[in-house]
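Presented below is the structure to which this report refers.
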Amino acid sequence: MAYANIIFEVQENVAVIKFNRPKALNAINPAVLAEVSAALDEIEANRAVKVLVFTGEGEKSFIAGADIAHMANLSPLEGRKFSREGQDLLLRIEKLPIPVIACVNGFALGGGTEFAMACDFIYASEKAKFGQPESNLGIIPGFGGTQRLARLVGKAMAKELCMTGNVIGAEEARQIGLANKVFPADALWEETMKTAKLIASKGKVSMRGIKHCIDRGLDVDLRTGCYLEADAFALCMASPDGSEGMKAFLEKRKPDFKGELS
Ligand code: CAA
């Protein structure tokens, strides 16, 4: 498929989706949602892809939020539909069996912070800015921000950020647990790809197990979460990657993971 609002490419076994509406600082409209969804179809059909990275084209912005020009004239029902479409896409990203990294190169405001939070973790440029400034527009986050932010940084911090609309820098985002790491702007991409390739070198079954157990485990009590983990552990034992990884250790060589059972 030809894309107009994103750039989609697969570099070896790492898929990269770049938001590409620089004139609107990569704001998200329904066309962006549809194109990301189509790229996810391609990724799901390509068994060679082991990691997905999201970033923004240009130096200024990851995503400056949902497109305000689009939202300004929505009826309540249309607003609900737009919110549900964004939420569904982010839930789909969260449910992907492969690890997903947000490489936040600039503004990640409103829908931008929401998009980044649906990824497994965030690497940020020193120039990145995060926030849920929707209250400045008389609205609230609509792509899952009230839910994921509270789970990531705690209830009170999430309320403060959403209620004030304050924009925070990358270092503060790291301190509150929103971003995992912060890099100088010119090192961000290289560092992100280094981590993406490290993760891509692992077995796909174990990556899926880690993601599933941590994400689903946080929704349930500890005992149920441990049952989930034991089942995923058993699946690794049944997978060629599990056999290969442990055999390689005992034979003092590097494992050659194939990613079956993905
Ligand atoms: N939607 C639509 N257009 C946007 C946009 C957005 N979210 N953010 C920026 N743009 C556009 C601007 O309108 C401007 O377009 P023109 O050149 O045609 O005027 C262009 O991008 C460049 O923006 P600025 O001139 O404003 O650039 P700046 O460097 O002075 O400021 C900024 C950058 C602080 C990010 C500022 O653009 C801004 O505050 N943007 C809006 C941020 C925001 O409120 N995001 C939340 C949106 S609501 C949401 O996301 C809801 C949800 O959860 C689903």
Between [X] and [Y], is any pair of side-chain heavy atoms under 4.5 Å apart?
| X | Y | answer |
| --- | --- | --- |
| Ile68 | Leu137 | yes |
| Lys211 | Glu94 | no |
| Asn20 | Val32 | no |
| Leu40 | Leu96 | yes |
| Gln132 | Leu149 | yes |
| Tyr3 | Val36 | no |
| Leu218 | Arg151 | no |

Side-chain donor/acceptor of [X] to backbone N/O of [Y], under 3.5 Å:
| X | Y | result |
| --- | --- | --- |
| Glu160 | Met157 | no |
| Ser206 | Gly203 | yes |
| Asn105 | Gly56 | yes |
| Ser239 | Gly242 | yes |
| Ser61 | Gly106 | no |
| Ser83 | Gly142 | yes |
| Glu35 | Ala4 | yes |
| Asp120 | Ile101 | no |
| Asn26 | Arg21 | yes |
| Ser125 | Pro184 | no |

Do you reckon [X] sits in the same ILVMFWY cluster as [Y], going by side-chain contacts under 4.5 Å, direct or chained?
| X | Y | answer |
| --- | --- | --- |
| Phe130 | Val167 | no |
| Val51 | Ile93 | no |
| Leu33 | Leu52 | yes |
| Phe143 | Ile139 | yes |
| Val104 | Ile7 | no |

Handout entry: Lys/Arg N to Asp/Glu carboxylate O, Lys50 vs Glu12, below 4.0 Å
Key =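 No, Lys50 and Glu12 are not salt-bridged.
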
Exercise for the section: Inspect the contact between Glu85 and Lys81 and indicate whether a charged nitrogen and a carboxylate oxygen are less than 4.0 angstrom apart. Expected result: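 Yes, Lys81 and Glu85 are salt-bridged.
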
Counting only heavy atoms from other residues, nucleotides and ligands, does the tally under 6.0 Å from [atom1] of [X] exceed 12?
| X | atom1 | value |
| --- | --- | --- |
| Gln175 | CD | yes |
| Glu190 | CD | no |
| Leu250 | CG | yes |

Problem - Value rounded to 0.5 Å, distance of NZ in Lys127 from CZ in Phe183 - result: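 Between atom NZ of Lys127 and atom CZ of Phe183 there are 16.0 Å.
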
Handout entry: Atom pair OG1 (Thr195) and CD1 (Ile199), whose distance is rounded to the nearest 0.5 Å
Key =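 These two atoms lie 6.5 Å from each other.
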
Exercise for the section: Using salt bridge (Lys or Arg N to Asp or Glu O under 4.0 Å) as the criterion, point out the one residue from Lys258, Lys202, Lys254, Arg253 that pairs with Glu244. Expected result: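 Only one of Lys258, Lys202, Lys254, Arg253 forms a salt bridge (Lys or Arg N to Asp or Glu O under 4.0 Å) with Glu244, namely Arg253.
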
Problem - salt bridge (Lys or Arg N to Asp or Glu O under 4.0 Å) partners for Asp41, two or more places apart - result: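 Result, salt bridge (Lys or Arg N to Asp or Glu O under 4.0 Å) vs Asp41: Arg92.
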
Problem - Asp241 and Lys204: CA distance, side-chain angles, deciding distance, salt bridge (Lys or Arg N to Asp or Glu O under 4.0 Å) verdict - result: CA-CA 8 Å; Asp241 281 353; Lys204 252 179 148 179; over 6 Å; no

Exercise for the section: Work out which heavy atom in Thr224 is nearest to a heavy atom in Asp221; give both atom names and the distance. Expected result: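 Of all heavy-atom pairs spanning Thr224 and Asp221, the closest is OG1-OD1, 2.6 Å.
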
Problem - Heavy-atom pair with the smallest gap, counting every atom of Ile176 and Val153 - result: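 Nearest pair, atom of Ile176 first, then Val153: O-CG1, 3.4 Å.
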
Exercise for the section: Taking the six-membered ring for Trp and the full ring for Phe, Tyr or His, determine whether the centres of Phe62 and Phe107 are under 6.0 Å apart. Expected result: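 No - the distance between ring centres of Phe62 and Phe107 does not fall below the 6.0 Å cut-off.
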
Handout entry: Aromatic ring proximity Phe115/Phe54, centre distance under 6.0 Å
Key =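 They qualify: ring centres under 6.0 Å apart.
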
Exercise for the section: Say whether Glu9 and Gln11, considering side chains only, have a donor N or O and an acceptor N or O under 3.5 Å apart. Expected result: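 The criterion, which ignores hydrogens and geometry beyond distance, is satisfied for Gln11 and Glu9.
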
